[in-house]
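Working notes for the structure below.
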There are 6 protein chains.
Amino acid sequence: MNKQLNISTFIGCEKTYEEAEVVLFGIPFDGTTSFRPGTRFAMQAIRNDSFGLETYSPYLERDLEDAFIYDGGDLELPFGNTNKALEQIHTYSQEVLEAGKKFLMVGGEHLVSLPTIKAAYEKYPNLHLIHIDAHTDLRDDYLGETLSHASVIRRSHDFLGDGRIFQFGIRSGMKEEFEWAKKHTYLERFALTTLKEKVLELKDVPVYVTIDLDVLDPGIFPGTGTPEPGGVTYKELLEAIHHLQQLNHIVAADIVELSPPYDPSGASTAMACKTVREMLLTLGK
Amino acid sequence: MNKQLNISTFIGCEKTYEEAEVVLFGIPFDGTTSFRPGTRFAMQAIRNDSFGLETYSPYLERDLEDAFIYDGGDLELPFGNTNKALEQIHTYSQEVLEAGKKFLMVGGEHLVSLPTIKAAYEKYPNLHLIHIDAHTDLRDDYLGETLSHASVIRRSHDFLGDGRIFQFGIRSGMKEEFEWAKKHTYLERFALTTLKEKVLELKDVPVYVTIDLDVLDPGIFPGTGTPEPGGVTYKELLEAIHHLQQLNHIVAADIVELSPPYDPSGASTAMACKTVREMLLTLGK
Amino acid sequence: MNKQLNISTFIGCEKTYEEAEVVLFGIPFDGTTSFRPGTRFAMQAIRNDSFGLETYSPYLERDLEDAFIYDGGDLELPFGNTNKALEQIHTYSQEVLEAGKKFLMVGGEHLVSLPTIKAAYEKYPNLHLIHIDAHTDLRDDYLGETLSHASVIRRSHDFLGDGRIFQFGIRSGMKEEFEWAKKHTYLERFALTTLKEKVLELKDVPVYVTIDLDVLDPGIFPGTGTPEPGGVTYKELLEAIHHLQQLNHIVAADIVELSPPYDPSGASTAMACKTVREMLLTLGK
Amino acid sequence: MNKQLNISTFIGCEKTYEEAEVVLFGIPFDGTTSFRPGTRFAMQAIRNDSFGLETYSPYLERDLEDAFIYDGGDLELPFGNTNKALEQIHTYSQEVLEAGKKFLMVGGEHLVSLPTIKAAYEKYPNLHLIHIDAHTDLRDDYLGETLSHASVIRRSHDFLGDGRIFQFGIRSGMKEEFEWAKKHTYLERFALTTLKEKVLELKDVPVYVTIDLDVLDPGIFPGTGTPEPGGVTYKELLEAIHHLQQLNHIVAADIVELSPPYDPSGASTAMACKTVREMLLTLGK
Amino acid sequence: MNKQLNISTFIGCEKTYEEAEVVLFGIPFDGTTSFRPGTRFAMQAIRNDSFGLETYSPYLERDLEDAFIYDGGDLELPFGNTNKALEQIHTYSQEVLEAGKKFLMVGGEHLVSLPTIKAAYEKYPNLHLIHIDAHTDLRDDYLGETLSHASVIRRSHDFLGDGRIFQFGIRSGMKEEFEWAKKHTYLERFALTTLKEKVLELKDVPVYVTIDLDVLDPGIFPGTGTPEPGGVTYKELLEAIHHLQQLNHIVAADIVELSPPYDPSGASTAMACKTVREMLLTLGK
Amino acid sequence: MNKQLNISTFIGCEKTYEEAEVVLFGIPFDGTTSFRPGTRFAMQAIRNDSFGLETYSPYLERDLEDAFIYDGGDLELPFGNTNKALEQIHTYSQEVLEAGKKFLMVGGEHLVSLPTIKAAYEKYPNLHLIHIDAHTDLRDDYLGETLSHASVIRRSHDFLGDGRIFQFGIRSGMKEEFEWAKKHTYLERFALTTLKEKVLELKDVPVYVTIDLDVLDPGIFPGTGTPEPGGVTYKELLEAIHHLQQLNHIVAADIVELSPPYDPSGASTAMACKTVREMLLTLGK
């Protein structure tokens, strides 16, 4: 007879914090979302629905139960105070990295990647960023706010600088953003075709991978706040993730923008779950 | 920084098993449901959405955090094997009662009350049953099966016998069931009006309370498998529960038949959550 | 082993046309619906979900299986041609009445009651009409169209004349409609309170009963095209239907405006099903 | 042939700003919502669905088209910056009041009432507040934030002071909030019964009315972020609004917390629409 | 402070009628829809959700704000009277064309393309028609009605005649329709592969483009009334639209059959929005 | 005037049992479903929505109305008693095969294929099995139960033995299952590419085809109980089915795991309908 308090983790992630090599945590924050909120519910939905998955990946031929992954839950953040929320995420990410572990953060809206990328950059000053998304996220501000989900990559550039950011799948933005990108980032429009070769270039440098799930076509992945038609298929995203196996030094990653309220059937959540499994196995190899 | 595995309990129910006076557990079983399955998801939804509630009840003027309640999660049951599932529920219920604790079980379909009532009866042979429901649940069998959600009270009568069962809110059944009830149970049709006086009669005997949430009108509580129009309002159910405060010897209780797939707005789940809170405070006073 | 083509009737309505006293049929028409279409799916949903009901009514203490009811399905009507559709409904209703049977028609939008009321009037020139609804339905035209769901009672008055129409539950209309009603119909606003006494007045004349389910409060009955808050509870509607038992000469009836697309949980359909059962037992006593 | 840009107003509210006595505006803000966001979509949904309503109220026997109401749309607010959003709302409200007009603001979450109440207080220092809600909203802070939907009435008390706040329908809060209320506000628990008499007391002072629609039972009004079972019926709310006709000096009002994503059938939006109509007619008499 | 009545247009379409080169208008009509109605809500949903889009197209490298587009709203049509509705659409289309402007009409069901195609033909007798759809729409009648969504291309052939109609993506119809097409139209089955070459043939003649969005696979575009599996991807449709840039003389176009009630996540509406943007930029180049 | 009881069949399947070559029947059973139940509703939904389809297949250039197909409805099975349910399915299947007919069974969960495959094997001892699915279904037991949807192919191997089972599209399973498959079945991972050649090998032996619709990517087919991302497109499945035309001796087939509760838009049901039509035409050629 079980006498523990009810535990709820992502399937197969039941190692202790101490023994873990990879820390999984959620950020239930969607405070700057401009169109349709709901990403705050993502990690809870992913934990619940991960039980429809197997722990074994026939693609990578590895099993979550053989990896060393700890799921500590979600950070509890203040509502309506963006700055304070970002600080707390930053502190938490630093602690994990200082303990010599990698992490997979699950958002939340894309802005929550800013403090996690920053923490990784502080530990690994030569950090490079792989950014998979439908949107450029290169606005300098959004309705006057410089901390916005639409600015997260621009804000990351503030410290990473030129030559460090690699963007794939981009199909939406203002004209100014596309022009800015020409000077400051590598940007592939509409597809993930060149990811394979760029991964080879980044083989031995520290890399952070940020995946905005809205890179997927909303026809197959409706569960997101800002659906942008014309995206990639799930097989294409899976293949891209499998290319990441070539990287020798991924230090952390995130998966953001699942919005369960726009996923009435659960299919988008299932895709997020499988993406989490494959990324955990990628980080924990 | 939290270093525990992610814990998920009903709000305010974080005492250990050892210190608990009341054990909360879920039964994710809907294997004999004839019309629309889904009650297996009830306890998970209730745990998630309990965070929209306060822990304090302004009705009872008590707080969950001051009570001694342990939430150990859900039993993991075999699929498609009704007998084995019922046995496991029975064993678990016995263990809790043997440890000198009370329990609140959350279904699942109504058949799962059979082993919990039986365990209570085995410990308290003078057990009386308060049954709040839309349906008589007095069929001898359903399509030939004697273990069915439509037979749970009839099967309970097999061991409790005449004079022990008090039914309220009943508005659906076969003609034969209503006639059988006239001889073997106390049955109030359509309302909960006489509950108040019956509670006074049962003041000092051991009592088990089983609440099938479909006693509520489906207009206000759509999230159930067999909606039966013409039911009571939530205020009426709340008032009925508050009458139970008069009982000196409630030994266990259950709340069954919430079906989250039929609750797209979450309002039915919110009602179930509040009912759980009020029943926990009733058991734990 | 069943060797018949798959039959799908409302539960307990499996008498042949020849032996039937009451004919149940559906009109899948919502062609003049101005706000939100969908009532065309009502009868199909009602047939499917009737299997969540018992055939026995503990209110009336009678069973559908003991009544003589035939369910012949839905009329197949042309799309986009209102006049032709109304003619076909009229012809069908006449045939049923000519065969000495009563009918219960299930809409569809309210306009489909016009040809069925007319057929009843042609056979019973002293026909009186009991109209239960949220809306007056007394417009002379709607955006220039005189055949509209918003005009069905006004069009019925064209042949029934003054003193024959009794309206209950009305809580929406133009100022002109309420004023017109003062001169030409009996109209109770907001409730069904006076139905009981009016039924006694109509005890021995031929009566047609038309029930627009939007008389129910949309809080409990969302599944309708033009939700009008402030309506009656299902218990109040049920009580009203039970008053109809006093009528000695109901000749036909209809139940309209269930719109399954706005009933994601099925609770409104369950209410419609129970209303159909009670009305069938009322017609078939 | 229409040659104007497409106009979208609440039904019957097409007077110009200059000729208007009442200004209707929406606040699409839900930035501090702790449980389930979505109220940002309320006013858009209300405008769209108001066309299922009549402009005439048979309760008040007045017509929106005869009143002088201007609908200027929604304020465009920054995302993720609570302070700046509140300032902009405050400025707008002041301008309307300075122009000698009343307003009906439609939220958004309840925090958006703080700047509108404040603007009214600045113009009418003797302002009294009628607060209809399920929740006390009297927390001093929520997870450390003093500007929160759970604190809006407490923050209003900061400037209004004792004896000015009248709360009705309250059924949820922390123990401390209920105790604080005993000293500083008038608070009726669970119902709206005493509103009628309090309105008579407030007959001749300036009054602001804030209606949090979650005072309604979530069984009938699921479309809200924090559903709290045990609430009032729509008829009870309607009756309460009709009592407000006795007030001689309502200066402004708001209706908050409709959350369309939790209203799959549209019934909650229909209730909000009718509440807006009745309040507009109350303000514009 | 805004003092205009609330304006609601498709994003970036705020030119006046006078300055506009392209007129955008909606037809909220689904009166002959045989299976599942709801397309009447399309244009409203598209306007609302267009704010999730950027005005800039990275495909065409042009911006809506630089084009001259007027959005005058939807035509208000009589319900249940197909002939009158079609006449009013015809008159409006004629007026726009007579004023020397192009138009993009958004349905509604496909029958509403008949009067707009006709108006274009009357002005441009050498009109050719590009028809992208899942269905042939070549029935001579549907249940006896010759004016039906299933007949719209057949009716267009009545005046256009042989050699003028080019159909792509077709995968559903009666055997007779496919045989008729062999003699009277150009028809590509299952795909849009030959569109590119046909566009070159039509380079210099006046062309009307009618896009029934159900050409998309319902797996990715569920929000339509008659889902027909086996359709094209959104990328394929986008590519087809981009081929249309080669046409020198597009005179008008339409996009029909989005049905928001079958689009619970909004993804289909997002596809319709992006299709509208790309077609507006195509017409307005 | 129709005087038959209401008949409801899959479109175009109205031959009598006696004249039929192919029998269509449904199994509304989901009793061992571990994750999300609901497949019991599949056949009812498929019958209802088949009326959105044409009876003619432009792919096969044949029409259902020209085939000899009988739709006898669904078997009525006991709830909660897996063994008894499987026996009844077995008996029914045997009777159909003994009468010299083929059948197409529509599930239900995948376990219901076990008795139908067994019946086919008993009549055709040289039976080969084509299995199209996302999951291996090769577990020896699931939580201790050997009769489970996750074991159906393993249980079929118990009697079919090695060399008889051909699996396609498989992308989920335990490591042990994939290893077991290497020894006992033919298994293609992730795609249906090799089906074409295997069909040629099986050209002249008796073949049973079992299609678990979750082989489709859940992005396009969300309506299933265990969504597994990374699946095939509908065009790929359609092409696979069309390859089956090469088989000279298909004796029976099934299509399982559509779960309508997870198909809010109906698109998955539409895919199931079209698959049923194509398989009926394949069996009935």
Side-chain angles (χ1 to χ4, degrees), chain A residues 27-42 44-45 74-89 107-112 114-115 137 139-152 155 222-226 259-265, chain D residues 27-42 44-45 74-89 107-112 114-115 137 139-152 155 222-226 259-265:
Chain A
I27 300 293
F29 180 89
D30 53 15
T32 81
T33 299
S34 49
F35 190 50
R36 309 188 308 186
T39 59
R40 66 177 68 185
F41 303 116
Q44 187 184 61
D74 291 358
L75 268 63
E76 191 175 17
L77 301 169
F79 295 100
N81 189 328
T82 301
N83 279 313
K84 205 191 286 182
L86 297 185
E87 275 166 35
Q88 295 181 9
I89 300 165
E109 58 159 85
H110 211 162
L111 180 60
V112 300
L114 181 59
D137 286 359
R139 291 196 181 206
D140 202 24
D141 69 286
Y142 189 73
L143 296 178
E145 298 299 310
T146 56
L147 290 177
S148 159
H149 65 101
S151 301
V152 63
R155 286 292 81 72
T224 194
T226 315
S259 185
Y262 298 95
D263 179 33
S265 70
Chain D
I27 301 293
F29 180 87
D30 53 15
T32 81
T33 300
S34 49
F35 191 50
R36 311 190 306 187
T39 59
R40 66 177 68 186
F41 303 116
Q44 188 184 60
D74 291 357
L75 268 62
E76 192 174 16
L77 302 169
F79 296 100
N81 189 328
T82 302
N83 279 313
K84 204 192 285 181
L86 298 185
E87 273 166 37
Q88 294 181 9
I89 300 166
E109 59 158 82
H110 211 161
L111 180 60
V112 301
L114 181 58
D137 285 0
R139 292 196 180 205
D140 202 24
D141 69 286
Y142 188 73
L143 297 177
E145 298 300 309
T146 55
L147 289 177
S148 158
H149 66 100
S151 301
V152 61
R155 285 293 81 72
T224 193
T226 316
S259 186
Y262 298 96
D263 180 33
S265 70

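In what follows, chains carry the letters A, B, and so on, assigned in the order in which the sequence lines appear, proteins first and then strands, with residues in each chain numbered from 1. Note that the coordinates shown come from a computational prediction; the quantities given were computed from them, not determined experimentally.
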Looking only at heavy atoms, which two atoms of D:Pro37 and A:Gly38 are closest? And how far apart?
CG-N, 4.3 Å

Most chain A-contacting option - heavy-atom pairs closer than 4.5 Å, from D:Gly31, D:Pro28, D:Pro261
D:Gly31

Relative to chain D, which segment of A:Arg40 carries a heavy atom at a distance below 4.5 Å: side chain, backbone, both, or neither?
side chain

Please find the pair of heavy atoms, one from A:Arg36 and one from D:Phe41, that lie closest to each other, and give the distance.
CA-CZ, 3.7 Å

Contact winner vs chain A - D:Thr82, D:Leu147, D:Asp30, D:Thr32, heavy-atom pairs under 4.5 Å:
D:Thr32

Contact origin within A:Phe35 toward chain D - heavy atom pairs under 4.5 Å
backbone

So what's closer than 4.5 Å to chain D heavy atoms on A:Ser148: side chain, backbone, both or neither?
neither

Looking only at heavy atoms, the pair that brings D:Leu143 and A:Leu77 closest together is CD1-O, 3.8 Å

Can you give me the closest heavy-atom contact between A:Lys84 and D:Gly144, atom names plus distance?
NZ-O, 4.3 Å

